[in-house]
Amino acid sequence: MLPEHYPIDGSEGYPRATPMKVIFCAFPRTGTMSTQVALQMLGFNRTHHMTDVIGDGDGREAREWTRAIRAKYRGEGKPLSRRDWDRLLGDCQACVDFPSALFAADLARLYPEAKVVMVNRDPDKWYESLRSTVAASPAAMTWAGVAREAARAYSWLLCRRTREMARFWLAILFAAGTHEHFRDRDAAVAFMRSSYDECRAAVAEDRRIEWSVQDGWEPLCRHLGVDVPRVRDPVTGDMVPAPFPRVNDRAQFGQHSARDTGLMVADANQVLFGLIGRGVALAALGYGAHVVWKAVSAGRV
């Protein structure tokens, strides 16, 4: 996680706490959360995932990733240096999903000792999943989805972290140009392929592997040089290969999204109640001062 005092201008170093071991070039809805769980089972220290950005309480990660995206895709400011990345991902042995997937080639160059995994999925199935989850349009949502968008707008008005996340998502959505590339199937697939090709061009074939979650443990563990995890069969009592994790399907994604929206609204409510509380306190102080002034004035007459 980011240190408490985190200068996003790169003015201070931050020592890497653990070596970067594996970089996944993996867009959302290619099985990234299942992959994250799999790496936990394999004993990797920590795998950075979009959930880390969402879960950062004050939006510092969102601010830094936004800066990195704009520098790479818009030419705004300087690209992140090795020192910057060590500060941002210094306690991670792996990274998967957005936003790190946008920088898979850059990270592979900066951490030449890390192995690389290209996480693939059929483009049509990938885009169908993307459009019904990550890039879902409010107009195509149910009333519950529209209500969720309204709740997010309320949170945006009051909560700085929500505004940081909104800027972060806009940086991603418009990274490829002046339009939201994820709203168009061909543009989204082209952006994904160009990002993957950039990574392939930066990494030698013997350092990377083409893989999908359907391939399971064997090719992944062979590439990473680790054993397939084993669990005890509840029926026979024998140690058998663990099933590969399957998490965050579309239904679960909706549940996670609703939970995250609830947390944003709770943050906004806290800000609102704080403002109301301060307003009431100031009003009470003002009224008290007025009463004292009246009393003092009456005593002087």
Side-chain angles (χ1 to χ4, degrees), residues 1 16-53 55 89-105 107-123 125-126 129-130 133-134 192 195-197 199-200 202-253 255-256:
M1 302 295 288
R16 172 160 283 279
T18 186
M20 178 67 77
K21 293 186 175 181
V22 55
I23 297 161
F24 287 82
C25 185
F27 270 34
R29 309 313 297 167
T30 59
T32 58
M33 191 170 287
S34 296
T35 302
Q36 182 191 38
V37 173
L39 289 173
Q40 292 173 347
M41 295 172 65
L42 292 172
F44 283 80
N45 182 53
R46 189 167 84 84
T47 300
H48 191 275
H49 187 277
M50 174 63 82
T51 52
D52 293 296
V53 184
L89 299 172
D91 62 342
C92 300
Q93 291 186 338
C95 52
V96 68
D97 198 71
F98 275 177
S100 64
L102 297 171
F103 301 92
L107 294 171
R109 294 187 190 99
L110 289 171
Y111 300 107
E113 69 282 0
K115 295 184 177 180
V116 176
V117 179
M118 313 295 301
V119 184
N120 299 298
R121 188 178 183 185
D122 174 82
K125 292 181 179 179
W126 169 73
S129 178
L130 185 82
T133 53
V134 178
M192 181 184 189
S195 299
Y196 276 49
D197 288 345
C199 186
R200 291 186 181 102
V203 180
E205 288 189 18
D206 61 353
R207 186 184 163 200
R208 60 179 164 85
I209 184 177
E210 301 289 335
W211 179 79
S212 71
V213 292
Q214 286 75 24
D215 296 332
W217 291 114
E218 290 291 346
L220 179 64
C221 291
R222 186 166 56 250
H223 181 61
L224 300 181
V226 296
D227 295 328
V228 174
R230 302 179 73 82
V231 295
R232 190 172 300 280
D233 188 298
V235 177
T236 66
D238 298 333
M239 296 300 293
V240 297
F244 195 87
R246 296 285 191 273
V247 299
N248 201 32
D249 59 17
R250 295 185 200 185
Q252 290 175 321
F253 182 93
Q255 294 169 3
H256 296 158

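Every heavy atom of this structure was used, including side-chain atoms; hydrogens, water molecules and symmetry mates were not.
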| Does a side-chain heavy-atom distance below 4.5 Å link V117 with I23? |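 No. Closest side-chain heavy atoms not under 4.5 Å.
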Taking every non-hydrogen atom, the tightest pair across [X] and [Y]:
| X | Y | value |
| --- | --- | --- |
| V203 | A108 | CG2-CB, 3.6 Å |
| R232 | G237 | NH1-O, 2.6 Å |
| D91 | A17 | CA-CB, 4.4 Å |
| V37 | P245 | CG1-CB, 3.8 Å |
| A242 | W217 | O-NE1, 2.8 Å |
| G31 | V213 | O-CG1, 3.7 Å |

| request: For T18 and Q93, test the side chains for any donor-to-acceptor distance below 3.5 angstrom and give the result as yes or no. | output: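 T18 vs Q93: donor-acceptor pair found between side chains.
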Could you state the interatomic distance from [atom1] ([X]) to [atom2] ([Y]), rounded to the nearest 0.5 Å?
| X | Y | atom1 | atom2 | result |
| --- | --- | --- | --- | --- |
| C92 | R16 | SG | CZ | 7.0 Å |
| C199 | F103 | SG | CZ | 13.0 Å |
| C95 | L39 | SG | CG | 10.0 Å |
| F24 | Q36 | CZ | CD | 10.5 Å |

Which residues satisfy the salt bridge (Lys or Arg N to Asp or Glu O under 4.0 Å) test with [X], sequence neighbours excluded?
| X | value |
| --- | --- |
| E218 | none |
| D215 | none |
| R200 | D197, E210 |

| Do any N or O atoms from the side chain of R121 and from the backbone of R29 form a donor-acceptor pair under 3.5 angstrom? |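 Yes; judged by distance alone, with no hydrogens or angles, the pair exists.
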| Under the 3.5 angstrom rule, does the side chain of W211 hit a backbone N or O of P219 as a donor-acceptor pair? |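 Pair absent, no side-chain N/O of W211 close to backbone of P219.
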| query | Among all residues two or more places apart in sequence or in another chain, which pass the side-chain contact (heavy atoms from CB on, under 4.5 Å) test with P28? | reply |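 Scan of P28 (side-chain contact (heavy atoms from CB on, under 4.5 Å), adjacent residues dropped) gives D97, F98, V134.
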| query | Does a sphere of radius 6.0 Å around CD in E113 hold more than 12 heavy atoms from other residues, nucleotides or ligands, not counting ones at 6.0 Å or beyond? | reply |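 Check passes, neighbour count above 12.
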| field | Heavy-atom neighbours of K21 NZ exceed 12 at 6.0 Å | value | no
| task | Can you sort out the partners of Y196 under ring pair (Phe, Tyr, Trp, His ring centres under 6.0 Å), two or more places apart, ordered by chain and number? | result | F27
| said: Let's go through M20 and L89 carefully: what are the C-alpha distance in whole Å and the side-chain angles of both, what is the deciding distance for side chain to side chain contact (heavy atoms under 4.5 Å, CB included) to 0.1 Å, and is it a yes or a no? | reply: CA-CA 8 Å; M20 178 67 77; L89 299 172; 4.1 Å; yes
Below 3.5 Å, can you tabulate the donor-acceptor pairs from side chains in residues 222-230 to any protein atom, sequence neighbours excluded?
unit_1 : atom_1 : unit_2 : atom_2 : d
H223   : NE2    : V116   : O      : 3.1
H223   : NE2    : R207   : O      : 3.3
R230   : NH2    : M239   : O      : 2.7

| said: Please determine whether side chain to side chain contact (heavy atoms under 4.5 Å, CB included) holds for the pair T35 and H49, giving the CA-CA distance in whole Å, both sets of side-chain angles, and the decisive distance to 0.1 Å. | reply: CA-CA 10 Å; T35 302; H49 187 277; over 6 Å; no
| message | Would M50 and T32 count as a side chain to side chain contact (heavy atoms under 4.5 Å, CB included) here? Give the steps. | response | CA-CA 9 Å; M50 174 63 82; T32 58; over 6 Å; no
